[in-house]
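These figures come from a predicted structure and were not determined experimentally. Below, each value reflects all heavy atoms present in this structure, side chains not excepted, and no hydrogens, waters or symmetry copies. In what follows, every chain begins at residue 1, and chains take the letters A, B, ... in the order their sequences are listed.
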Amino acid sequence: MMVRERKTERRADSDSRDTTDATVAVRFEGLTKHFGGVCAVDHLDLEIRQGETVALLGPNGAGKTTTVSMLLGLLAPDAGDVSVLGMSPEAAIQSGRIGAMLQEGGLMPGISIGELLNFVLALRTSPFTRAQLVAMAGLDGLERRRVDRLSGGQTQRLRFALAIASEPEILVLDEPTAAMDVEARHNFWANMRSYTSAGRTVLFATHYLEEAEAFASRVVIISRGRIVADGTVAELKRRAGAQTVHFLADERAQASLSGLAGVSRVERQGERVTLTTNDIDTTVRALVGSHVDWRNLEVRSPNLDDIFMALVSNGQ
Amino acid sequence: MTSYLRLEVLRALRDPKYLILAVLAPIGFYLLFATLFGGQSTGSAHITVQAALMVSMSMYGAMWAVMSATGPRIAQDRTIGWTRQMRLLPIRTANTLIARLIAAVALAGPAIVLVMLTAVFAKGVTLDDAWRWAVLLALLWLGSIPIALLGIAIGYSIGPEVAFGVLYALYLALSALGGLWMPISIMPSGMQAVGKLLPSYRAASMGWRLIGGKPFDASDALILVGWAVVFSLVALFFASRRANSR
């Protein structure tokens with residue numbers, strides 16, 4: 001936890017663009033991609049420094065997968081430039097310094113997990129033994145299982161093993177937990193966390209805000225191929241300004257609520273009151289100090305939809 | 001590359017279709033045809049029907065071994081995303097293609113050798129010199145390379161639902177017109193002219209000439225190399241086009 005907090009601070013301090021290339025893991029410059037008449041990625045500029053854990057957040061169709069595909073050299077951009085550790089994506093992949101797990105990266109049928117792992121371990125870049133890789137990806141006891149007879153979660157773990165086999169400095173994950181149940185998702189992030197604790201760089205696309213919040217030091221939100229927000233989860237929530245306080249109160253006491261500090265909006269439905277606030281701490285303190293006889297107090301943070309709607313409707 | 005080669009071979013050997021269609025079917029057809037037509041003349045005093053059929057059926061099995069190991073699998077791998085997944089690993093696409101080609105040709109080995117063994121032990125086929133066996137194996141093996149490249153080209157150009165059917169149809173056409181099922185000399189002249197251009201005929205022809213004591217014919221090799229070049233270009237064209245699409 002300490003390490004991640006420090007990382008966040010460093011990022012906040014280094015807003016000035018004085019970083020040298022040695023610390024840049026990924027750089028997009030004016031990245032653009034059209035499919036037919038649709039602009040999937042629109043002049044995207046982004047720089048990710050080594051050691052950052054970045055969540056690429058956005059609704060379906062925002063351009064996440066297209067961006068990731070260009071980062072990995074699977075798609076050629078129409079315009080703009082991608083560099084990975086100062087190299088082309090293809091060169092970075094061939095050197096084993098970037099690894100990736102795709103949403104739909106099918107695996108060769110008809111062979112066992114162990115045989116597939118032997119193959120990736122035989123590629124010159126892998127520093128691991130098979131036992132190490134099995135342990136890191138949580139594939140214990142599954143080595144003899146056929147690749148085409150795995151559950152969704154097991155398949156994802158195997159894809160994770162393939163992604164980290166060359167011990168890449170940069171790990172790219174496109175919706176890694178989309179096919180997993182809650183427990184599998186939890187285990188996946190635990191494996192992930194232990195792999196990345198050594199200061200490795202991670203970029204993951206997701207549409208789960210909780211995952212971004214729990215795992216990312218930085219969140220980049222994209223919509224229609226453009227970046228609409230870039231910062232920590234806390235910063236984004238603050239910018240979205242949509243935290244709410246919910247409680248029940250006697251209808252006669254409700255008149256004084258709009259005067260409370262920080263409150264921008266009051267909604268009432270019988271006893272049920274919802275306060276929208278820009279400063280949750282001030283509002284709650286004011287509410288406690290007031291004479292309102294409230295009960296069942298609940299503070300709600302905006303979810304991704306709220307943040308997203310707020311950012312997009314802010315005229316960006 | 002060898003590690004990928006091993007995966008492709010393992011995968012094919014576990015597929016019962018390989019054993020049935022590429023190994024058992026040619027042996028069965030060999031025994032059937034050699035028994036039915038064994039007493040007839042081949043038009044050459046030097047070569048028996050049993051020996052000529054041995055070459056035909058070896059090639060017949062080798063062809064399916066290389067076609068089934070390439071086309072349907074490549075088409076399937078593209079569809080499920082394995083081809084894409086491999087582009088994220090530190091292995092070059094060209095190397096995986098070469099590994100696929102070598103794996104396919106290696107899988108032709110058992111098909112050829114087992115028909116030969118059947119011919120020797122069940123039908124008493126002999127060749128003039130022991131070295132001719134080795135050369136025959138080598139020639140049929142080399143002759144299956146253009147067919148494997150055809151399989152790769154098909155695998156990259158069409159989808160998995162139709163790849164198997166298209167390849168099987170091509171397999172039967174190449175076998176029949178190429179004179180593997182019946183001597184090309186009994187076909188109408190138009191069919192003969194087409195048949196003699198086919199890689200299946202030319203590969204088997206190298207074998208027939210060898211066991212018949214005739215000199216090596218350079219046109220066999222030239223036509224096979226020509227097909228290899230054509231199929232390689234088609235394969236590369238589609239493979240590179242796929243690489244640039246979503």
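In terms of non-hydrogen atom pairs under 4.5 Å with chain B, the most contact-rich of Pro109(A), Ala92(A), Pro168(A) is Pro109(A).
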Give every donor-acceptor pair under 3.5 Å between a side-chain atom in residues 56-65 of chain B and any protein atom, sequence neighbours left out.
from     : atom 1 : to       : atom 2 : distance (Å)
Ser56(B) : OG     : Ala52(B) : O      : 3.0
Ser58(B) : OG     : Met54(B) : O      : 2.7

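Looking at every heavy atom in both residues, Ile93(A) comes nearest to Leu89(B) through CG2-O, 3.7 Å. Scanning both residues, Gly96(A) and Pro90(B), for their nearest heavy atoms gives CA-CG, 4.1 Å. When all heavy atoms are compared, the tightest approach of Leu7(B) to Glu115(A) is CD2-O, 3.6 Å. Across all their heavy atoms, Leu107(A) and Ile80(B) have their closest contact at O-CD1, 3.4 Å.
Here the side chains of Asn118(A) and Ser3(B) are not in contact, with every heavy-atom distance at 4.5 Å or above. Put simply, the side chain of Arg84(B) reaches to within 4.5 Å of the side chain of Leu74(A), judged on heavy atoms.
A distance-only check finds a donor-acceptor pair linking the side chain of Arg14(B) to the backbone of Gly110(A) [under 3.5 Å].
A 6.0 Å sphere centred on CZ of Arg6(B) holds no more than 12 heavy atoms belonging to other residues, nucleotides or ligands. Environment of OH in Tyr18(B): crowded, with over 12 heavy atoms of neighbouring residues, nucleotides or ligands closer than 6.0 Å. Trp208(B) CH2: more than 12 foreign heavy atoms inside a 6.0 Å radius.
Neither the backbone nor the side chain of Thr65(A) comes within contact range of chain B, judged by heavy atoms closer than 4.5 Å. At a 4.5 Å heavy-atom cutoff, Pro89(A) makes no contact with chain B through either its backbone or its side chain. Interface residue Arg92(B): backbone and side-chain heavy atoms are both found under 4.5 Å from chain A. Within the 4.5 angstrom heavy-atom criterion, atoms from both the backbone and the side chain of Leu162(A) approach chain B.
Residues from residues 95-116 of chain B never place a non-hydrogen atom less than 4.5 Å from a non-hydrogen atom of chain A.
For the atom pair CD (Glu8(B)) and CZ (Phe119(A)), the distance works out to 9.5 Å, reported to the nearest 0.5 Å. Taking CD1 from Ile91(B) and OG from Ser166(A), the interatomic distance works out to 13.0 Å, rounded to the nearest 0.5 Å.
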